Amino acid sequence: PEERGAPEPSGGRQSRRRRRYTANMSPHAVDEFGATRLCLAAAADDVELIHAIVSSGVCADDAEPLHKMTAMHFAAREGNVRAIMALANLGASVDAPDGDLNAPLFLAVENLRTDAATALRSLGAHLAGQHRNQAHRSIVRARIAHRLRELATRNNRQKFIGYL
């Protein structure tokens, strides 16, 4: 039986269960939610497992298939500074965008993980990376073009109604 006391900083009993689960996974496996073994190790702040996974041949920048989040995103979201530093030392990018074009620093700030945000800033991370700016510009262009087409269609209808 487990003792019930103060919760562990990494999340308590559920994190221990998940850590045991990740220890039995192959380096390239994904769990039922699509998270890779490296991502789960980063979320659990398990630096030893992170080093073991990367030394087995997994790239430190590998992203999980569903949301395209890297291990750095998982560590930043959970506020795990040790995992962030370990991943950075292993060559992981601090500005890699996820599927929503969010950088790890954005997730740290969004989840109020000030220690993680400070660590990422010290590693040179930016809140709005180049990918996000380019994507934003293309979205704005598409919206403007759609609105112009909508206005042109409406003006043509009004001209047509004026001729009746």
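Small disclaimer: the values here were computed from a predicted structure and weren't measured. Counting from 1, the numbers follow the sequence of the chain as shown. Side chains included, hydrogens not; waters and symmetry mates left out as well; all remaining heavy atoms used.
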Judged by atom type as modelled, is there a donor-acceptor pair below 3.5 Å linking the side chain of N80 to the main-chain atoms of A83?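 Checking the backbone N and O of A83 against the side chain of N80, no donor-acceptor pair under 3.5 Å is found.
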Establish whether V47 and V58 are linked, either directly or via other cluster members, by ILVMFWY side-chain heavy-atom contacts under 4.5 Å.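 No, V47 and V58 fall in different hydrophobic clusters.
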Atom pair CZ/CD1 of F74 and I84 - distance to nearest 0.5 Å: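 Answer for the CZ-CD1 pair, F74 versus I84, is 13.5 Å.
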If every non-hydrogen atom of P104 is compared with every non-hydrogen atom of A76, which pair is closest and at what distance? O-CB, 3.3 Å
Give me each pair satisfying salt bridge (Lys or Arg N to Asp or Glu O under 4.0 Å) with a member in residues 67-88, each pair once, sequence neighbours excluded.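 Residue pairs passing salt bridge (Lys or Arg N to Asp or Glu O under 4.0 Å), neighbours aside: D45-R82.
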Test of understanding: with side-chain contact (heavy atoms from CB on, under 4.5 Å), list the residues that count as partners of A92, not counting sequence neighbours.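 By the side-chain contact (heavy atoms from CB on, under 4.5 Å) rule, A92 matches A60, D61, M72, L87.
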Measure across M69 and L107 and return the closest heavy-atom pair with its distance rounded to 0.1 Å. CE-CD1, 3.9 Å
Is it the case that the side chain of H73 and the backbone of T70 share a donor-acceptor pair, with hydrogens and angles ignored and the cut-off at 3.5 Å? yes
Which residues satisfy the side-chain contact (heavy atoms from CB on, under 4.5 Å) test with A125, sequence neighbours excluded?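 If we apply the side-chain contact (heavy atoms from CB on, under 4.5 Å) test to A125, skipping adjacent residues, the hits are V94, D95, L105, L120.
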Under a 4.5 Å cut-off applied to non-hydrogen side-chain atoms, are I50 and L90 in contact?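 A side-chain contact exists here, since the closest heavy-atom pair is under 4.5 Å.
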State which residues pass salt bridge (Lys or Arg N to Asp or Glu O under 4.0 Å) with R121; sequence neighbours excluded, sorted by chain then number. none
Please examine the side chains of L123 and M85, heavy atoms only from C-beta on, and report whether any two atoms are closer than 4.5 Å. yes
Taking salt bridge (Lys or Arg N to Asp or Glu O under 4.0 Å) as the cut-off, I'd like each qualifying pair that reaches into residues 107-117, sequence neighbours left out, listed once.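 Pairs touching residues 107-117 that pass the test: none.
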Using every non-hydrogen atom in the two residues, find where H126 and A103 come nearest and quote the distance to one decimal.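 Nearest heavy atoms, H126 then A103: O-CB, 3.8 Å.
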Nearest heavy-atom contact between C39 and A71 is SG-N, 3.7 Å
Report yes if the side chains of D98 and H67 come closer than 4.5 Å at any heavy-atom pair, otherwise no. no
